[in-house]
Amino acid sequence: MQEELEQARNLLEIHWSEHHDVLLPSFRCGKPLQIRQALDCRYCRMEGELGPGGALWAAGASLATLISTEGPRMTSMDFHAPRPTVLELGSGTGAAGLAFAATGAKVLLTDRQSLLPLLRLNVGLNKDLLSTVGGAADIGEFDWLSPPEEILRLGTFGDGFCSSPNFNG
């Protein structure tokens with residue numbers, strides 16, 4: 001029984017990598033970022049229940065690619081300077097924030113509670129790449145309906161951004 005379960009997990013992982021994962025360039029170490037999406041899928045019965053935050057949007061992919069190519073110039077990537085700290089608001093899949101982390105920055109990826117498991121998964125999928133370049137990614141909950149001062153409890157950051165802000169509510 002254990003062998004069948006392991007085989008099923010392996011088949012599911014192959015399916016996800018072929019149908020749900022997007023590889024984005026990471027020029028600092030040559031290994032791509034792996035971003036998993038939570039999309040509707042009739043084969044694995046994923047229902048896309050995370051809404052728009054569970055998908056990698058064009059704006060996020062474009063920003064991640066720009067960060068990968070221009071990241072060192074967009075931050076203080078100087079070996080004598082402290083490591084840049086970056087806050088991403090509305091991370092969704094975490095693609096853009098992980099791209100910053102892949103330049104060596106320390107990043108806090110934030111989104112609503114329902115997206116935190118997907119963010120944890122994507123950080124985990126890229127932990128070896130981040131370790132190689134000296135980057136780091138942490139995860140924090142931030143609800144867009146919270147008062148603006150709530151963002152201050154997350155810490156102090158040199159840079160902050162959101163790639164495709166939208167709110168339906």
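- Taking CG from L118 and CG from D111, the interatomic distance works out to 9.5 Å, rounded to the nearest 0.5 Å.
- Here the CD atom belonging to E4 is positioned 12.0 Å from the CG atom belonging to L11, to the nearest 0.5 angstrom.
- Note that the CG atom of N10 and the CD atom of E6 stand 5.0 Å from one another [nearest 0.5 Å].
- Side chains of L109 and V107 form a contact here, defined as non-hydrogen atoms less than 4.5 Å apart.
- Residues T65 and P25 have side chains in contact (heavy-atom distance under 4.5 Å, counting atoms from C-beta outward).
- Note that the CG atom of N122 and the OG atom of S91 stand 10.5 Å from one another [nearest 0.5 Å].
- Under the 4.5 Å side-chain criterion, counting only non-hydrogen atoms from C-beta, D128 is not in contact with L130.
- Nearest heavy atom pair, residue K31 against residue L129, reads O-CD1, 3.0 Å.
- Note that OG1 of T110 and CD of E141 are 10.0 Å apart. Values are rounded to the nearest 0.5 Å.
- For the pair H20 and L39, the minimum side-chain heavy-atom distance is below 4.5 Å.
- Between F142 atom CZ and L89 atom CG the span is 6.5 Å, to the nearest 0.5 Å.
- Although no hydrogens or angles enter the test, the distance criterion places a donor-acceptor pair under 3.5 Å between the side chain of T69 and the main chain of L66.
- For the pair V133 and A102, the tightest heavy-atom approach, listed with the atom from each and the gap, is CG2-O, 3.4 Å.
- The minimum heavy-atom distance linking K106 with D138 is given by the pair CE-OD2, 3.8 Å.
- Residues L98 and L23 fall into different hydrophobic clusters, defined by Ile, Leu, Val, Met, Phe, Trp and Tyr side chains chained together at heavy-atom separations under 4.5 Å.
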message: Please evaluate residues I139 and L108 with respect to the criterion side-chain contact (heavy atoms from CB on, under 4.5 Å), reporting the C-alpha separation (whole Å), side-chain torsions for both, the decisive distance (0.1 Å), and the verdict.
response: CA-CA 6 Å; I139 297 161; L108 178 61; 5.5 Å; no

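- E88 and A96 make their closest contact through OE2-CB, 3.7 Å (heavy atoms, listed as atom of the first residue, atom of the second, distance).
- Here the side chains of V22 and Q37 are in contact, with some heavy-atom distance below 4.5 Å.
- Pairing each heavy atom of R36 with each of L121, the nearest pair is CD-CD2, 3.7 Å.
- No donor-acceptor distance shorter than 3.5 angstrom exists from the side chain of W57 to the backbone of G92, with no hydrogens or angles considered.
- I35 and N126 make their closest contact through CD1-ND2, 4.3 Å (heavy atoms, listed as atom of the first residue, atom of the second, distance).
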